[in-house]
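Report on the following structure.
Nothing here was measured: the structure is a model prediction, and the numbers come from that model.
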Amino acid sequence: MTDPLTLRLAATVHTARTSRGLSVAVLAEDSGVSRAMIGKIERGDVQPTAALLAKLSAALGMTLTELIARAEGDERRLVRAAEQPVWVDPDSGYRRRSLSPASGRPLELVEIELPAGAAVPLRASTFLHQQIWVLAGQLRMREGTEVHELDAGDCLQLGSAPDRVFENPGSLPCRYLVALVPRAT
């Protein structure tokens, strides 16, 4: 049985794709996600991973937070802690909590909890400026061939490498804050 958020994400991806006049084939080419997987996601047959949603949202010209907020249908200015949407990657246990109200553009704040030993590959969004502030634990962030070792209190401005891997080399969960704003065009 498919959960309600997966079904809303399915409809949101489909609507975002069709409103931009994109075929499944074009979205597949732009995102690097197969046509078959996009079909499964749009039908709600699978719960997409963080990596898949990040690829699709970037190809659709939106952030992962925006994609999830649209699926939630949320336009409030105040979001209480207990009401902030949380999404968990079924593969890695990566937990993503959207702190900012969906209507709070252009700034987005996202809290991530990465389980001990977990690694999540994410494709960079070329239209976003991002900074990471580690709240607790250790984070290893790979940007192409560059490796950054971060501890609690460290802050990193992300570079332009297209391929990124977020890893927790520690024995405890790592919590970090991601601040995102659109790049000036």
Side-chain angles (χ1 to χ4, degrees), residues 1-77 79 83-112 114 119-130 143-144 158-166 178-185:
M1 186 165 110
T2 305
D3 66 279
L5 180 56
T6 297
L7 292 175
R8 289 192 305 270
L9 279 168
T12 301
V13 169
H14 176 77
T15 300
R17 177 180 62 77
T18 57
S19 71
R20 287 163 176 76
L22 299 176
S23 67
V24 172
V26 170
L27 181 57
E29 184 177 322
D30 291 350
S31 67
V33 176
S34 73
R35 291 183 310 207
M37 181 55 74
I38 291 171
K40 288 178 183 178
I41 291 168
E42 287 189 356
R43 289 189 304 274
D45 292 344
V46 297
Q47 181 181 14
T49 64
L52 285 175
L53 284 178
K55 288 178 182 181
L56 291 172
S57 63
L60 292 167
M62 61 178 62
T63 67
L64 185 53
T65 298
E66 185 178 1
L67 181 69
I68 292 171
R70 285 186 185 185
E72 291 285 332
D74 193 351
E75 292 300 321
R76 297 172 289 166
R77 288 186 16 209
V79 182
E83 301 168 335
Q84 293 166 348
V86 175
W87 180 79
V88 179
D89 181 359
D91 285 352
S92 65
Y94 164 100
R95 184 178 162 275
R96 184 181 200 285
R97 182 166 65 111
S98 297
L99 305 173
S100 298
S103 61
R105 304 289 176 260
L107 173 67
E108 290 184 33
L109 299 175
V110 179
E111 179 189 38
I112 305 295
L114 192 57
V120 176
L122 295 174
R123 192 116 177 111
S125 297
T126 58
F127 64 94
L128 291 176
H129 172 80
Q130 300 177 51
E143 293 182 294
L158 299 188
S160 60
D163 296 313
R164 297 178 177 155
V165 179
F166 295 81
V178 182
L180 311 100
V181 293
R183 288 191 187 278
T185 56

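Remark: R17 engages E42 in a salt bridge (Lys or Arg N to Asp or Glu O under 4.0 Å) (not counting sequence neighbours). R96 meets the salt bridge (Lys or Arg N to Asp or Glu O under 4.0 Å) test with no other residue; sequence neighbours excluded.
Here the side chain of T6 pairs no donor or acceptor atom with the backbone of G44 at under 3.5 angstrom. Of the possible donor and acceptor atoms, one in the side chain of S19 sits under 3.5 Å from a partner among the backbone N and O of A16.
Within the model, atoms OG1 of T12 and CG of L56 stand 12.0 Å from one another, a figure rounded to the nearest 0.5 Å. A distance of 8.5 Å separates CG in L53 from CG in D89, rounded to the nearest 0.5 Å. If you take CD on Q47 and CG on L7, they are separated by 11.0 Å, rounding to the nearest 0.5 Å.
S98 has its side chain out of reach of Q84: every pair of non-hydrogen atoms, C-beta onward, lies at least 4.5 Å apart. L67 is not listed as a side-chain neighbour of W87, based on a closest heavy-atom distance of 4.5 Å or more. Looking only at side-chain heavy atoms (C-beta outward), E111 and R95 come within less than 4.5 Å of each other. For the pair L22/L60, a side-chain contact is recorded, criterion being any heavy-atom separation below 4.5 Å from C-beta on.
Across every non-hydrogen atom of P48 and P90, the tightest pair is O-CD, 3.9 Å.
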Using a 3.5 Å cut-off and no angle test, enumerate the donor-acceptor pairs between side-chain atoms of residues 25-37 and protein atoms at least two apart in sequence or in another chain.
from	atom 1	to	atom 2	distance (Å)
S31	OG	L27	O	2.7
S31	OG	V33	N	3.1
S34	OG	M37	N	3.0

